[in-house]
Amino acid sequence: MWQIFKPVLREYIAPQKAMLISGIFFGVLAAAAAGFGLPFMIQHVFPLVFEQVPTPEWLRQLVDTYVAEPYRADALLWAAALIIPLVMSVRGVATYLNAFLLTKAGMRALSHLRSDLFARLQWLSFSYHDKQTRGGLMTTLIQFTQMAQQGMITVMNDLVIQPLTLLAAVAYLVYAAVTSDESAMLLVNLIISSACVPLVRYVGKRMIKQMRAALAGMNIITSTVEETFSAQREVRAFNLEGRQSSLLSSYIHSYNSMLIKMACWRQSVTPAVEIVCALALAYSLYRGCSDGLSLEQFTAIATAFYFCYDPIKRLGTVANQCQLLTVMINGIMSVLHAKDETPEPAEPAALPMPVAGDVEFDHVSFGYSADVPVLKDISVKVPAGQIVGLVGPSGSGKTTFINLICRFYDVSAGCVKLDGVDVRQITREQRTCSIGLVSQFSALFRDSIRENIRVGNPKADDEQVYAAAQKARVDEFVESMEEGYDRMLGESGCGLSGGQRQRVSIARAFLKNAPVLILDEATSALDMKSEAAIQRELEELARGHTTFIIAHRFSTLRMAQRILVFEAGRIIADGAHDELYETCQLYRALYDEQVQQAQQEKEEEA
């Protein structure tokens with residue numbers, strides 16, 4: 001367990017050491033006041049008040065020195081009585097400062113951990129994300145870190161206060177045993193209380209098993225919710241509301257069953273420890289009466305035993321919490337230490353400046369899984385400034401081809417080069433600055449339209465943003481909005497139509513003006529009229545840039561100087577439109593089908 005906790009403590013807790021040391025100091029003070037101060041007060045202070053026992057010589061001399069004769073009796077009474085609020089004030093204030101400082105340190109540490117986890121998830125390769133579920137990653141990022149934060153604060157707090165309280169109480173028992181022969185036998189109860197240890201260990205093992213199952217259940221619930229919300233159109237179009245609700249209810253029922261089992265095991269620790277403690281206290285009462293203990297002696301020792309048993313009980317809970325924390329921290333560290341399958345080069349190679357945009361595939365093969373190849377021995381050179389269309393049936397490898405240019409994945413064999421440099425030897429910053437991407441699914445963020453366009457070039461001023469927006473015809477719909485470019489968008493661009501979102505995405509590419517441009521179904525969300533209106537601007541954008549175009553509409557490919565035809569992971573034809581139409585049967589079939597479909601749409605519209 002220590003090996004699991006150590007990286008978190010070293011990297012995130014240790015930087016808060018000043019606050020931690022202060023919190024621990026106040027924990028020591030609170031533990032001493034509770035474990036030793038209260039029993040001592042019960043045995044020695046209360047008798048001064050109620051039984052008129054002889055006043056200690058040091059206290060009498062102090063009163064005689066500073067208090068006049070008529071007031072000495074009352075002064076002794078007040079001095080004895082004020083010890084009670086003094087001890088309780090020290091304990092209360094120290095407990096508060098201990099909890100506050102440790103909580104603050106823990107929240108700071110875990111905030112850094114959550115930020116690092118989020119940053120790591122964004123850095124890890126697409127291959128890693130393909131193997132995970134969104135629900136599982138969200139559970140790790142939000143719930144694991146939250147539970148780890150709360151758990152570590154509690155554990156840190158109890159690991160300071162409870163052992164010290166126990167030691168202080170034991171110290172008083174040792175003091176009582178040394179000063180009173182009748183009290184010595186009560187130390188036997190500490191041996192009796194050790195019977196709780198095997199029980200706590202057994203419960204901890206059962207809880208860790210249930211916790212793993214419960215966390216897996218939570219991943220399924222989160223994934224189901226995320227999947228349902230992201231597919232609301234399909235859910236409603238196919239009347240799947242009842243199916244999804246029923247499915248989620250079954251998952252929640254299973255998850256709740258696991259939580260109930262875990263709660264049963266967790267709550268069993270407290271009564272078990274209390275029963276053992278009660279038996280020990282009953283034995284103490286019997287022996288104490290038999291050996292002639294006074295009431296104040298027995299009360300003080302019973303209080304000390306309470307401050308022994310309560311920490312034991314709480315430490316049992318802490319032990320179980322540590323078991324649960326082990327699961328959560330393992331989940332967090334598995335992300336932080338996950339292997340990056342597209343790592344930054346140890347010795348990066350610099351691209352020639354300015355970047356021209358030559359792209360070369362040299363005997364490239366790739367598969368998302370080792371046994372299913374998607375691209376097979378692809379070799380092709382695209383000189384700088386050439387506009388290339390990618391054509392082929394769905395699943396033929398077109399999108400994978402451009403994914404490898406962007407290095408979203410690493411090739412299985414061969415290499416992809418940009419200006420003669422293997423993309424694996426180029427830093428991510430160099431690569432992203434050199435490639436502009438307009439994808440089929442335009443992702444917009446919770447921000448203004450202006451800032452969503454500025455994503456293409458964060459350093460661009462407003463005039464450059466407006467110029468890019470005009471080229472992408474964004475101004476046509478923004479001018480009709482009261483807020484204009486300050487219009488705030490909701491999640492995933494909520495507030496704009498599909499075509500409007502796509503235009504904002506295209507405006508980003510205009511603003512970025514990268515030497516390599518990738519248009520992956522960039523006009524798929526536009527109707528034919530809107531596509532025709534923006535086609536000239538796309539041609540202007542592509543001019544002088546190495547451009548790759550994937551489009552189902554052949555009208556979008558008319559500006560392509562060269563077309564690559566994909567089939568089953570291979571490039572089966574390479575040439576201009578006229579040449580391919582005559583020589584490539586697959587290309588001719590795809591083109592004729594597109595023309596026939598367009599003609600049919602025109603007739604239906606007429």
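- A heavy-atom distance below 4.5 Å is not found between the side chains of V565 and I571.
- Scanning all heavy atoms of the two residues, the minimum distance from F510 to A468 falls at CB-CB, 3.9 Å.
- Side-chain contact check for Y368 and T400: at least one donor-acceptor pair (N or O, by modelled atom type) lies under 3.5 Å.
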>> Walk me through whether E347 and Q425 qualify under side-chain contact (heavy atoms from CB on, under 4.5 Å).
In response: CA-CA 7 Å; E347 298 180 0; Q425 298 302 314; 5.7 Å; no
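- The environment of CD in E429 is sparse: at most 12 heavy-atom neighbours from other residues, nucleotides or ligands sit within 6.0 Å.
- Between the side chain of R120 and the main chain of A338, a donor-acceptor pair closer than 3.5 Å is present.
- A donor-acceptor contact under 3.5 angstrom links the side chains of N452 and R508, judged on distance only.
- Using a 4.5 Å heavy-atom cutoff, the side chains of F361 and K417 are not in contact.
- Between the CZ atom of F100 and the OG atom of S22 there is a distance of 11.0 Å, given to the nearest 0.5 Å.
- When every heavy atom of Q502 is checked against every heavy atom of S439, the shortest pair comes out as NE2-O, 3.1 Å.
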> How far apart are the C-alpha atoms of R450 and D486, what are their side-chain angles, what is the distance that settles it, and do they pass the salt bridge (charged side-chain N to carboxylate O under 4.0 Å, His left out) test?
Replying inline: CA-CA 6 Å; R450 177 190 292 105; D486 292 322; 2.3 Å; yes
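- How far CZ of R114 is from CD1 of I332: 9.0 Å, rounded to the nearest 0.5 Å.
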> Are L418 and I426 close enough, and set up right, to give a side-chain contact (heavy atoms from CB on, under 4.5 Å), and what steps lead you there?
Replying inline: CA-CA 9 Å; L418 177 60; I426 304 172; 4.2 Å; yes
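- When all heavy atoms of P393 and F566 are compared, the pair lying nearest together is CD-O, 3.3 Å.
- At a threshold of 4.5 Å between non-hydrogen side-chain atoms, the residues Y409 and L404 count as touching.
- Heavy atoms only, all atoms of each residue included: A460 and L511 are closest at CB-CD1, 3.7 Å.
- No donor-acceptor distance shorter than 3.5 angstrom exists from the side chain of S246 to the backbone of R243, with no hydrogens or angles considered.
- Shown are I378, I518, I550; of these, the side chain to side chain contact (heavy atoms under 4.5 Å, CB included) with F401 is made only by I378.
- Looking at S505 and V438, their side chains come closer than 4.5 Å, going by heavy atoms from C-beta outward.
- Judged purely by atom type and a 3.5 angstrom limit, E344 uses its side chain to pair as donor or acceptor with the backbone of R428.
- Between T224 and Q244, the shortest heavy-atom contact is CG2-NE2, 4.4 Å.
- Within a 6.0 Å radius of NE2 in H253, other residues, nucleotides and ligands contribute 12 heavy atoms or fewer.
- Separation of atoms OG (S448) and CE (M488) is listed at 6.0 Å; rounding is to 0.5 Å.
- With a 6.0 Å radius and a threshold of 12 heavy atoms from other residues, nucleotides or ligands, F477 has its CZ atom above the threshold.
- I435 is listed as a side-chain neighbour of R431, based on a closest heavy-atom distance under 4.5 Å.
- Taking CG from L336 and CG from D116, the interatomic distance works out to 6.5 Å, rounded to the nearest 0.5 Å.
- A 4.5 Å side-chain heavy-atom check between C415 and V423 finds every atom pair outside the cut-off.
- By the 4.5 Å heavy-atom criterion applied to side chains, L564 and V380 are counted as neighbours.
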> Between V391 and L590, is a side-chain contact (heavy atoms from CB on, under 4.5 Å) present by the stated rule, with each step listed?
Replying inline: CA-CA 9 Å; V391 174; L590 292 172; 3.8 Å; yes
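- Rounding to the nearest 0.5 Å places OG of S250 at 9.5 Å from CD1 of I220.
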>> Run D447 and L489 through side-chain contact (heavy atoms from CB on, under 4.5 Å) and show every step you take.
In response: CA-CA 6 Å; D447 211 331; L489 303 181; over 6 Å; no
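- Expressed to the nearest 0.5 Å, how far OG of S334 lies from CD1 of I329 amounts to 12.0 Å.
- C433 and A514 get closest at one heavy-atom pair: O-CB, 3.9 Å.
- The salt bridge (charged side-chain N to carboxylate O under 4.0 Å, His left out) search around R424 returns D422, not counting sequence neighbours.
- Without hydrogens or angle criteria, R487 side chain to E482 main chain gives no donor-acceptor distance under 3.5 Å.
- Listed for the K512 side chain is no donor-acceptor partner under 3.5 Å among the backbone atoms of R454.
- Proximity of I402 to F408: side-chain heavy atoms (C-beta onward) are nowhere separated by under 4.5 Å.
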